[in-house]
There are 2 protein chains.
Amino acid sequence: MTLEQLRVFVAIAEREHMTRAAAALHLAQSAASATVASLEAEYGVKLFDRVGRTIRLTPQGAVLLDEARAVLLQADQVRRRMESLVAS
Amino acid sequence: MTLEQLRVFVAIAEREHMTRAAAALHLAQSAASATVASLEAEYGVKLFDRVGRTIRLTPQGAVLLDEARAVLLQADQVRRRMESLVAS
DNA sequence: TGAGGTTACGCCTATCGTAATAATG
DNA sequence: CATTATTACGATAGGCGTAACCTCA
């Protein structure tokens, strides 16, 4: 699990739309798709239901969404803390 | 910033000893050294003082140590949560 | 039939380990 | 002179984009 995987997952989950999430992340659709696939494979959990040409969060995906946001928030706090230390 | 960078940094910081940390992580010394260097470069912050052939946490490094531990703890919680979902 | 997700594939960069170097206790 | 961190360097794996595809409204 990497922060990058979580960032991609959250962007897609919030939109339930891979193309728009990929665009927002300046990433090709295929890369976003592969990232989600790698997360699903890593934990053996299906994060999205593929319904026709749309995707929808599974209950398991919804759990991850909450947790992933928390990690990303804390990681961002670390980043800001580090950047504030440059001055000192 | 990646979780892997933080893991390596914490292992070194806790021991103030790169060789032993690298061994504990099943990593070559050089890789551990490069990882710290990449973190320091990324934020322009010196994390360790190189005193002779020993290393010692800087005050900035001590700050990161606390924050990094928190992120890693939360990341581990996500991992455990995901693993608990496999059953469901 | 066109919009959107997946798969195939080649490329490229980041990271690794080995080995050489520097420093010091 | 043995130990430890850094630097150099070639090799490899992981992640990216392009493009072809499959499916469905």
Side-chain angles (χ1 to χ4, degrees), chain A residues 1-62 64-65 68 71-72 75 79 82, chain B residues 1-62 64-65 68 71-72 75 79 82:
Chain A
M1 183 189 69
T2 70
L3 294 173
E4 213 26 51
Q5 281 176 318
L6 297 183
R7 272 183 211 111
V8 171
F9 166 73
V10 168
I12 298 171
E14 286 178 342
R15 296 167 176 77
E16 297 204 329
H17 198 292
M18 197 157 298
T19 302
R20 286 199 277 270
L25 297 166
H26 306 292
L27 212 62
Q29 285 179 26
S30 65
S33 176
T35 296
V36 171
S38 72
L39 259 180
E40 292 180 320
E42 185 169 353
Y43 295 109
V45 169
K46 199 164 70 156
L47 298 171
F48 293 102
D49 275 322
R50 278 75 170 175
V51 173
R53 69 191 187 195
T54 71
I55 59 178
R56 203 158 39 218
L57 261 188
T58 60
Q60 292 87 354
L64 179 57
L65 180 55
V71 175
L72 292 177
R79 185 185 54 73
M82 283 298 99
Chain B
M1 182 189 67
T2 70
L3 294 174
E4 213 26 50
Q5 281 176 320
L6 297 183
R7 273 184 210 110
V8 171
F9 166 73
V10 169
I12 298 171
E14 286 178 342
R15 296 167 176 77
E16 297 203 330
H17 198 292
M18 197 156 299
T19 301
R20 286 199 275 271
L25 297 165
H26 306 291
L27 212 62
Q29 286 178 25
S30 64
S33 176
T35 296
V36 170
S38 72
L39 260 179
E40 293 180 321
E42 186 170 352
Y43 295 110
V45 169
K46 198 164 71 156
L47 298 171
F48 293 103
D49 275 321
R50 278 75 169 175
V51 172
R53 68 190 186 197
T54 72
I55 58 179
R56 203 159 37 218
L57 261 188
T58 60
Q60 291 88 352
L64 179 58
L65 180 54
V71 175
L72 292 177
R79 184 185 55 73
M82 282 298 99

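Proteins come first, then strands; the chains are lettered A, B, ... in the order of their sequence lines, and each starts at number 1.
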Atom CZ of R20(A) and atom C1' of dA3(C) are separated, to the nearest Å, by 11 Å
By nearest nucleotide on DNA chain D, pick out whichever of T35(A) and V51(A) is the more 5' one.
T35(A)
Sugar-phosphate, base or nothing in reach of S30(A), heavy atoms under 4.0 Å:
base
Rounded to whole Å, how long is the line connecting atom CE of M18(A) with atom P of dG5(C)?
6 Å
Is there a side-chain contact between Y43(B) and L64(B), using heavy atoms and a 4.5 Å cut-off?
no
Between E4(A) and R7(A), is any pair of side-chain heavy atoms under 4.5 Å apart?
yes
Base, sugar-phosphate, or nothing for A31(A), non-hydrogen atoms under 4.0 angstrom?
sugar-phosphate
R50(B) atom CZ: more than 12 heavy-atom contacts under 6.0 Å
yes
Heavy-atom distance under 4.5 Å between the side chains of I55(A) and D49(A), does that happen here?
no
Between dG15(D) (P) and E4(A) (CD): distance, integer Å:
10 Å
Nearest-Å distance, CG (D49(A)) to C1' (dG4(C))?
17 Å
To the nearest Å, how far apart are R7(A) CZ and dG15(D) P?
14 Å
Tell me, do V10(B) and L65(B) make a side-chain contact under 4.5 Å, heavy atoms counted?
yes
Nearest-Å distance for atom pair CD1/C1', residues I12(A) and dG4(C):
13 Å
Check this for me: does the side-chain of R53(B) come within 3.5 Å of the base of dT4(D) through a donor and an acceptor?
no
Select one nucleotide: of dC16(D), dT6(C), dT6(D), the one nearest the side-chain heavy atoms of R50(B).
dT6(D)
Walking DNA chain C from its 5' end, the first of Q5(B) and S33(A) to be reached, judged by nearest nucleotide, is S33(A)
In whole angstroms, the gap separating C1' of dA5(D) from CG of L47(B) amounts to 15 Å
Figure out the CG/P separation between L27(A) and dG4(C), and round it to whole Å.
17 Å
